[in-house]
Amino acid sequence: MVMTGHVLLANASLLDPATSREGPGHVLVRDGRIADIAWGASPAAPEGAEIVDCGGHVLSPGLMDLRAFVGEPGAEHRETLASASAAAAAGGVTTLVCMPDTNPVIDGPAIVDFVLRRARDTACVTVLPAAAITKGLAGQEMTEFGLLQEAGAVAFTDGLKAVRNAQVMRRALTYARDFGALLMQHVEEPDLVGEGVMNEGEMASRLGLVGIPREAETVMLERDIRLVRLTGGRYHAAMISCADSVEIVRRAKHDGLPVTCGASVNNLVLNEGDIGHYRTFCRLSPPLRHETDRLALVEALNEGVIDVIVSDHNPQDVETKRLPFAEAADGALGIETLLGAALRLVHTGDVALPRLLEALTVTPAAILRREAGRLAVGAPADLVLIDPDLPYVLDKRRLKSRSKNSPFDEARLQGAAILTLVGGRIVFRAAQDAEAAA
Amino acid sequence: MTVAPASFPHRHLLGIEGLSRPDIEALLDRAEDAVALSRQVEKKRTTLRGRTQINLFFEPSTRTQSSFELAGKRLGADVMNMSVASSSVKKGETLIDTAATLNAMRPDIIVVRHHAAGAVHLLARKVDCSVVNAGDGAHEHPTQALLDALTIRRNKGRIEGLKVAICGDVLHSRVARSNIILLQALGARVRVIGPSTLLPTGIERFGVEVFTDMRKGLEGCDIVMMLRLQRERMNGSFVPSVKEYFRYFGLDAEKLALAGPDALVMHPGPMNRGVEISSEIADGAQSLIREQVEMGVAVRMAVLEALATHLPNA
């Protein structure tokens, strides 16, 4: 960790999602942590402090994204830890959890160690590796949860794949409980997905595409929750996409089970109609669903049934995306547009800003039992300054990712990160970024 | 030391379950005699002279089978070993048919090991002689529990009030089940320690304390009893790897220190060194593992003798 001097973030509109406290104020950062918070009146800047005028914009804890695919190691042509972290910083994301779907798979302590070292040397945001639940993501044999956690794995997931074998899932949940480990499941029953490529329904039928029924998700989710009830293991449904899933998670939480869930920002702001005429950048897993599902997800976000919003950042290159829809790969970029896209929910009046940021900061941190995500003295100075009203048209050429498969290309967005700090260090400044691009 | 053998009120020894505390103590007392006998130059008695003992092993075993064989021979019985490799079971004969066939040969005692829980009970119902369970599936292994108790009693002077930790693959272990019942019957406080994937459902209802953190579980224990982890369970099905298992559930000097300097270490064998126990501990000063083998012969002699009191014309 680079020790930095003092930075005074002055004239901000502070927002602490953990407490929903909002108001004008100033934040003093020292040695990578929040040294002081002055709500209201401006404090005297300590001698030698760099003063950043926040211009009345919203200063929030940095975002934490629980689901980002990075191509390193193994697919550096799509994304590296450096490029993913640059994209994250530009999007106000100060911590990203990278998925184990790499080559080699993150399924042993040595690979966790490799990723952490590479991140330390090349990434400008905090990178936390999620390790595989099963060796080689093959769905058969458990990985070393204990040793992997000691090495620095923050959670376990088979990434793009669900653990299909119920016995394997049962044992993994059982074993995970002993180590306090969190299993994050991609809730899709592969047999029900079959050859499906988009939401099952009228739209798929009109487009002549094979649909993925909502039951692909609900069957797996119901099964898993029964296994959680049996084992007591901590479980996080990585992304739910439909109204029925909301009901399942709501019931599990009501019963006091150790269950949390996320939703992709894509499923919260887009629907199957955005596929239009076969836009492969909208080919996603889980698929974009019907507008009624989207509305149910938004409601569930407000209610707290959905705990976190993730980017599901999944860089794909031209070879895997410039193909007929049914032959293209799943996945879209997302980490850099996470905030801008999610702010649509605020601008439409569907979700209040503090609630939105709660699902992007303190709640994901709490799920990983980390101290980030709070605007509090002593907390890590992972911060983002947000101009929630800034209007722009997204230009994919400006994105920092190595890939360009954004479903929001040319979309009108409103609101963006204008300054990002990780551990007290400024890792992104919109003004400089614009100059560099000009 | 000669104790007048109390009468043993059972025709078979199928498990520890069903034995009373006096039954168990009488067997242990009788075994003390057998220890003394086995340490003499002249190791033979005539209690079973003229009797036929068949050791019927459907599962491979070196230690238990040879222990029963020696025990029978020291008591003067004619001992025949039948192992599955050479038996007609391989040719498709059912357990019941095998039992009937053997029964027709008029043995006096059959010692049986079988991979299926309950198989020994089934066989016992079909034969006229006494049956000793030498291990049935994950159910019971009564002579192992008896020999463990004898070993503990001789080293600690008592069993009542001792804290005993049974560690590892409890789920698949008949040794653990027999020991839990026996040690509790004699007043010990039993803990089981292992990853949840290797603990049977409802184990807390056995009256034991359950720990999934070995360090916590070992604190203050007088006896640390390790269980064998089968090779096929090490690679991801029940536990992820040998390395991880040894790190969290293998007995090494550091973990044993948590139990204290007077704690004694046991293992029913055969050991996987570096999996559930380090060599340093297995061969160390706190280990009773070799003594357990000696007590095995003595306990089996005691059991055979006790059952012999029920044989016709005894």
Side-chain angles (χ1 to χ4, degrees), chain A residues 100 105-113 131-153 155-158 161 163-183 226-235 258, chain B residues 138 165-173 191-205 208-219 227 229-252 254-255 258 272 274-276 278:
Chain A
V105 170
I106 304 177
D107 62 359
I111 306 165
V112 170
D113 191 57
I133 296 171
T134 63
K135 292 171 188 168
L137 305 173
Q140 294 300 317
E141 298 167 347
M142 272 189 287
T143 59
E144 298 166 322
F145 295 172
L147 296 172
L148 283 160
Q149 279 199 153
E150 281 188 35
F156 297 86
T157 175
D158 274 359
K161 288 184 180 174
V163 176
R164 179 183 201 149
N165 182 312
Q167 177 71 288
V168 172
M169 190 62 181
R170 179 202 174 161
R171 295 227 180 99
L173 280 164
T174 302
Y175 192 74
R177 191 192 57 192
D178 294 351
F179 289 89
L182 174 72
L183 300 193
R226 285 189 181 272
L227 294 177
V228 170
R229 200 182 291 275
L230 174 66
T231 59
R234 286 174 66 214
Y235 176 83
Chain B
I166 301 176
C167 312
D169 185 1
V170 179
L171 179 62
H172 301 100
S173 176
R191 298 174 167 191
V192 298
I193 304 173
S196 295
T197 45
L198 293 177
L199 296 176
T201 304
I203 184 72
E204 65 287 347
R205 308 268 303 167
V208 297
E209 272 190 278
V210 183
F211 292 86
T212 55
D213 181 338
M214 191 173 190
R215 291 163 182 282
K216 286 188 189 144
L218 287 180
E219 266 174 37
L227 300 172
L229 181 66
Q230 299 285 348
R231 206 156 281 281
E232 63 270 22
R233 293 170 189 140
M234 296 175 194
N235 296 315
S237 56
F238 290 87
V239 293
S241 67
V242 168
K243 191 176 165 200
E244 174 142 323
Y245 188 75
F246 185 70
R247 169 69 154 272
Y248 298 103
F249 296 100
L251 188 65
D252 56 13
E254 192 204 336
K255 294 197 198 84
L258 297 167
N272 290 302
V275 178
E276 68 262 358
S278 73

Item checked: Positive for side chain to side chain contact (heavy atoms under 4.5 Å, CB included) with B:T197, one of A:R170, A:R177, A:R171 ->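 The side chain to side chain contact (heavy atoms under 4.5 Å, CB included) with B:T197 is passed solely by A:R171 among A:R170, A:R177, A:R171.
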Please classify the contact of A:Q167 with chain B as side chain, backbone, both or neither, using a heavy-atom distance under 4.5 Å.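 Neither part, no heavy atoms under 4.5 Å.
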- Salt bridge present between A:E144 and B:R247 (N-O < 4.0 angstrom):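 Looking at A:E144 and B:R247, the cut-off is not met.
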Discussion item. Quick check for you: to the nearest 0.5 Å, what is the distance between A:D178 atom CG and B:L198 atom CG?
Written reply: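 With rounding to 0.5 Å, CG (A:D178) is 9.5 Å from CG (B:L198).
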* Asked: What part of B:Y245 lies closer than 4.5 angstrom to a heavy atom of chain A: side chain, backbone, both or neither?
  ->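 B:Y245 has no heavy atom closer than 4.5 Å to chain A.
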Under 4.5 Å, counting heavy-atom pairs only, tell me which of A:V168, A:T231, A:L147 racks up the most with chain B.
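Highest number of heavy-atom pairs under 4.5 Å: A:L147.
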Point to revise | Residue among A:F145, A:Y175, A:F179 with most heavy-atom pairs under 4.5 Å to chain B | key: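 Result: the option with the highest number of such pairs is A:Y175.
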Problem set entry | Distance-minimising heavy-atom pair for A:K135 and B:P240 |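 In this case the closest contact between A:K135 and B:P240 is NZ-O, 2.6 Å.
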